[in-house]
Engineer: 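One structure is given below, represented as structure tokens, and several questions about it will come after.
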Amino acid sequence: MAQIGSAEEVAQFIYDALQERFPDAQCELVFNSPFELLIATILSAQCTDDRVNLVTASLFAEANTPESILRLGQIALETKIRSLGLYHNKAKNILAACKELVENYYGQVPDDIESLRRLPGVGRKTANVVVSNAFGVPAIAVDTHVFRVAHRLGLAHEKTPEKVEQELMQIFPRDRWSLIHHLLIFHGRRICNARKPACVECPVNQVCKMYFEDKR
DNA sequence: ATCCCGAGGG
DNA sequence: CCCTCTGGAT
């Protein structure tokens, strides 16, 4: 293991190395308003961002406000998003969320995580993506990639996403949370994937817990 | 067959 | 904690 000291210094090293490896790491969903990002993020569950962008391009051309989405109704919305999978629940949640936005938020998307998470279909990952990418709020949500990567690297030890999120927020400076979120996701997809991680070409294997314990 | 940048419900 | 929802890519 390289001689790098504290957890914060290891975190710093990982941040620098991943940023160099993935200089274009960022939210890949296409959106023109917080509302569009909210809908796109709900739609992104269990499918890739490029397929979401394909669907939302035509969806938002027709309806890009809570009121206009509500006018589509369940069946029309389902039809439009069918190719993304999980379409029934996504459509139901989106319509319920739009209804709440109209009734309780003057049709605007709230800019805080707590309010967002009370909306149907909005969990911690969706809420994080919306606040960090639409409102500039520092946030680092733990999805499957972040969870796996953080544990392999030895950055996290807790078993629940909530606690791992706390651990990560402790070792990374607040002003980097949003980017580290995307860096860990990019790394988790391109290199540190679930099945067969490419440890040989991993830019942070020298500080990786799993790399040394499993000596891959 | 298996996995995907999830969320809600039992 | 485990299950289910779903189509598409690999």
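In this text the structure is predicted, and so the values were computed from the model without any measurement. Chain naming here is simple, since letters A, B, ... match the order of the sequence lines and numbering starts at 1 in each.
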Engineer: Could you grab the distance from atom NE2 of A:His187 to atom CG of A:Leu153, nearest 0.5 Å is fine?
Structural biologist: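 Result: 6.5 Å between the selected atoms.
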Engineer: Quick one: A:Ile191 CD1 to B:dC5 C1', roughly how many Å, whole number?
Structural biologist: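 Going from A:Ile191 (CD1) to B:dC5 (C1'), I get 16 Å.
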Engineer: Can you establish whether the number of heavy atoms outside A:Gln170 located under 6.0 Å from its atom CD is more than 12?
Structural biologist: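 Not more than 12 within 6.0 Å, no.
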Engineer: If we take the P atom in both B:dA7 and C:dA9, what is their distance in whole Å?
Structural biologist: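 One P to the other, the span is 23 Å.
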Engineer: What does A:Arg189 touch in the nucleic acid at a heavy-atom separation under 4.0 angstrom: a base, only the sugar-phosphate, or nothing?
Structural biologist: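 Base contact - A:Arg189 has a heavy atom under 4.0 Å of at least one base atom.
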Engineer: For A:Glu103, does the CD atom sit with more than 12 other heavy atoms under 6.0 Å from it, leaving out its own atoms?
Structural biologist: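 Count over threshold, so yes.
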Engineer: Any base atoms under 4.0 Å from A:His182, or only sugar-phosphate, or nothing? Heavy atoms, all strands.
Structural biologist: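 Touches nothing.
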Engineer: Please classify the nucleic acid contact of A:Asn93 as base, sugar-phosphate, or nothing, using heavy-atom distances under 4.0 Å.
Structural biologist: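 The answer is nothing, as A:Asn93 stays clear of every strand by at least 4.0 Å.
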Engineer: Nearest heavy atom decides the nucleotide; on that basis, is A:Glu28 or A:Leu119 closer to the 5' end of DNA chain B?
Structural biologist: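 Its nearest nucleotide lies further toward 5', so the answer is A:Glu28.
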Engineer: With a 4.0 Å cut-off on N to O distance, would you call A:Arg189 and A:Glu28 a salt bridge?
Structural biologist: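 Answer for the salt bridge query: yes.
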Engineer: Quickly work out the A:Ile42 CD1 to B:dC5 P distance and round it to whole Å.
Structural biologist: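 The distance from CD1 of A:Ile42 to P of B:dC5 comes to 18 Å, rounded to the nearest Å.
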Engineer: Minimum heavy-atom separation for A:Cys27 and A:Val129, please, with both atom names.
Structural biologist: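 In terms of heavy atoms, the two residues are closest at SG-CG1, 4.4 Å.
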Engineer: Send over the distance from A:Arg195 CZ to B:dC4 C1', rounded to a whole Å.
Structural biologist: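 The answer, rounded to whole Å, is 13 Å.
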Engineer: Please measure how far the P atom in C:dT4 lies from the corresponding atom in B:dC5, and state the result in whole Å.
Structural biologist: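 22 Å, rounded to whole Å.
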Engineer: Give me the residues of residues 126-150 of chain A where at least one heavy atom lies under 4.0 Å from an atom of DNA chain B, by number, or none.
Structural biologist: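 Residues of residues 126-150 of chain A under 4.0 Å from DNA chain B: A:Thr126, A:Thr144, A:His145.
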Engineer: For residues A:Phe186 and A:His182, establish whether the separation of their ring centroids is below 6.0 Å.
Structural biologist: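 For A:Phe186 and A:His182, the ring centres are not under 6.0 Å apart.
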Engineer: Rounded to whole angstroms, how far apart are CZ on A:Phe22 and P on B:dC5?
Structural biologist: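 Checked: the CZ to P distance equals 13 Å.
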Engineer: Scan A:Ile191, A:Leu184, A:Leu179 and name whichever one has a side chain to side chain contact (heavy atoms under 4.5 Å, CB included) with A:Leu18.
Structural biologist: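 Only one of A:Ile191, A:Leu184, A:Leu179 forms a side chain to side chain contact (heavy atoms under 4.5 Å, CB included) with A:Leu18, namely A:Leu184.
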Engineer: Suppose you measure atom C1' in B:dA1 against the same atom in C:dT6; what distance do you get, rounded to whole Å?
Structural biologist: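 Taking atom C1' in both B:dA1 and C:dT6, they lie 16 Å apart.
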Engineer: So, are A:Glu165 and A:Arg124 salt-bridged, with charged N and O less than 4.0 Å apart?
Structural biologist: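 A salt bridge links A:Glu165 with A:Arg124.
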Engineer: Not counting sequence neighbours, list each pair that qualifies as a salt bridge (charged side-chain N to carboxylate O under 4.0 Å, His left out) and has a residue in residues 67-92 of chain A.
Structural biologist: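 Every pair satisfying salt bridge (charged side-chain N to carboxylate O under 4.0 Å, His left out) with a residue in residues 67-92 of chain A: A:Glu62-A:Lys80.
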Engineer: NE2 of A:His88 versus C1' of C:dT4: gap in Å, rounded?
Structural biologist: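 Between C1' of C:dT4 and NE2 of A:His88: 12 Å.
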Engineer: Could you give the NZ-to-P distance, from A:Lys125 to B:dA7, as a whole number of Å?
Structural biologist: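 In whole Å, B:dA7 P lies 7 Å from A:Lys125 NZ.
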Engineer: Distance check, P atoms only: C:dC3 and B:dC3, in whole angstrom units.
Structural biologist: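 One P to the other, the span is 15 Å.
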Engineer: What are the atom names and distances for every N/O pair under 3.5 Å that joins the protein to nucleotides 8-10 of chain C?
Structural biologist:
{"unit_1": "C:dG8", "atom_1": "O4'", "unit_2": "A:Arg51", "atom_2": "NH1", "d": "3.1"}

Engineer: Grab the CG-C1' distance between A:Asn53 and B:dC5 for me, whole Å please.
Structural biologist: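 Atom-to-atom, A:Asn53 to B:dC5, this comes out as 13 Å.
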Engineer: Looking only at non-hydrogen atoms, find the nearest pair between A:Pro120 and A:Ile42 and report the distance.
Structural biologist: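 Taking A:Pro120 first and A:Ile42 second, the nearest heavy atoms are O-CD1, 4.5 Å.
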Engineer: Could you tell me the separation between the CG atom of A:Leu38 and the P atom of B:dG6, rounded to a whole number of Å?
Structural biologist: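 Whole-Å distance recorded here is 16 Å.
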